[in-house]
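Quick notes on the structure that follows.
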Amino acid sequence: DQQVKQNSPSLSVQEGRISILNCDYTNSMFDYFLWYKKYPAEGPTFLISISSIKDKNEDGRFTVFLNKSAKHLSLHIVPSQPGDSAVYFCAASSGGGGNKLTFGTGTQLKVEL
Amino acid sequence: GAVVSQHPSRVICKSGTSVKIECRSLDFQATTMFWYRQFPKQSLMLMATSNEGSKATYEQGVEKDKFLINHASLTLSTLTVTSAHPEDSSFYICSAMGRGETQYFGPGTRLLVL
């Protein structure tokens with residue numbers, strides 16, 4: 001039962017353009033969402049998070065949008081840079097981020113020159 | 001800030017031996033630490049939640065006698081894979097949470113059991 005889904009296993013974007021990574025969830029109890037970036041053989045690096053009381057959170061080039069009615073969130077990266085190439089995981093928790101995280105399957109982003 | 005380390009980064013062992021992996025929060029105190037496992041091309045799967053000074057809470061399907069977790073201090077949690085077998089070969093990652101709501105992850109430990 002995959003409660004957090006990232007339906008696109010990969011995404012290729014040109015440098016300077018916008019990258020949009022999508023994530024869907026099924027558990028209506030989730031109220032805190034996070035995006036992590038991961039390189040091979042390394043641990044995930046926290047990027048940005050959003051609480052269910054908000055529908056948008058922005059941090060530099062990264063913006064996360066949350067649509068609670070659709071149980072959908074997305075991560076926008078603009079402008080995309082080659083160093084952004086990595087696997088991006090969305091994660092969700094209930095009762096705040098301090099509880100256990102349920103991860104999506106990840107999307108491999110490749111930013112091309 | 002919020003740096004988490006893991007040791008060792010890579011370990012190869014013989015089948016039947018035990019392996020201990022350490023997870024440390026370097027610049028903050030972690031009341032809760034989490035242990036995950038990631039198989040190739042799969043997502044991170046939570047194995048257990050460890051709170052300082054108390055017993056770990058294991059996820060369904062994770063054998064607590066095989067994966068021993070000790071959270072002896074606010075900066076250190078250990079995972080011991082007992083009597084390791086080839087199917088235990090995986091990438092083990094810990095995360096630590098301090099006062100905030102964000103989990104910060106260690107760099108991971110690659111375990112290969114021959």
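No hydrogens, no waters, no symmetry mates; every other heavy atom, side chains included, goes into these values. In the text below, chain A, chain B and the rest are named by the order of the sequence lines, each starting its count at 1.
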Next on the checklist: With clusters defined by side-chain heavy atoms of hydrophobic residues (ILVMFWY) lying less than 4.5 Å apart, directly or transitively, does B:Ile93 cluster with B:Met47?
Outcome noted: no
Item to check | Residue A:Lys68 excluded, over 12 heavy atoms near NZ under 6.0 Å | outcome: yes
Next on the checklist: Do A:Leu101 and B:Trp35 sit in one hydrophobic cluster, given that two such residues count as connected whenever their side-chain heavy atoms are within less than 4.5 Å of each other, even indirectly?
Outcome noted: no
Next on the checklist: Between A:Gly43, A:Gly104, A:Pro44, A:Gly106, who has the most heavy-atom pairs with chain B when the cutoff is under 4.5 Å?
Outcome noted: A:Pro44
Checklist entry - Between A:Lys38 and B:Phe91, which heavy-atom pair has the shortest distance, and what is it? => result NZ-CE2, 3.9 Å
Item to check | Single-linkage hydrophobic cluster A:Leu109~A:Leu47, side-chain heavy atoms < 4.5 angstrom | outcome: yes
Checklist outcome for this item: Honestly, the part of B:Glu59 sitting under 4.5 Å from a heavy atom of chain A is side chain
Item to check | Same cluster (ILVMFWY, side-chain, under 4.5 Å), A:Ile48 and A:Val78 | outcome: no
Item to check | Side chain / backbone / both / neither for A:Tyr39 at chain B, heavy atoms under 4.5 Å | outcome: neither
Checklist entry - Can the ring centroids of B:Phe105 and A:Phe103 be said to lie less than 6.0 angstrom from one another? => result yes
Item to check | Min side-chain heavy-atom separation B:Gln42-A:Thr105 under 4.5 Å | outcome: no
Next on the checklist: Go through it in stages, so that I can follow the logic: the residues are B:Leu44 and A:Tyr36, the test is side chain to side chain contact (heavy atoms under 4.5 Å, CB included), and I'd like the CA-CA distance, side-chain angles, deciding distance and then a yes or no.
Outcome noted: CA-CA 11 Å; B:Leu44 283 78; A:Tyr36 286 88; over 6 Å; no
Next on the checklist: What's the separation between atom OH in B:Tyr104 and atom OG1 in A:Thr45, rounded to the nearest 0.5 Å?
Outcome noted: 11.0 Å
Next on the checklist: Does atom NE2 (B:His7) have a neighbourhood of more than 12 heavy atoms from anything else shown, all under 6.0 Å?
Outcome noted: no
Next on the checklist: Using the rule that Ile, Leu, Val, Met, Phe, Trp and Tyr join whenever any side-chain heavy atoms are under 4.5 Å apart, tell me whether A:Tyr88 and A:Phe30 fall into a single cluster.
Outcome noted: yes
Next on the checklist: Could you measure the distance from the CE atom of B:Met45 to the OG1 atom of A:Thr102? Nearest 0.5 Å is fine.
Outcome noted: 8.5 Å
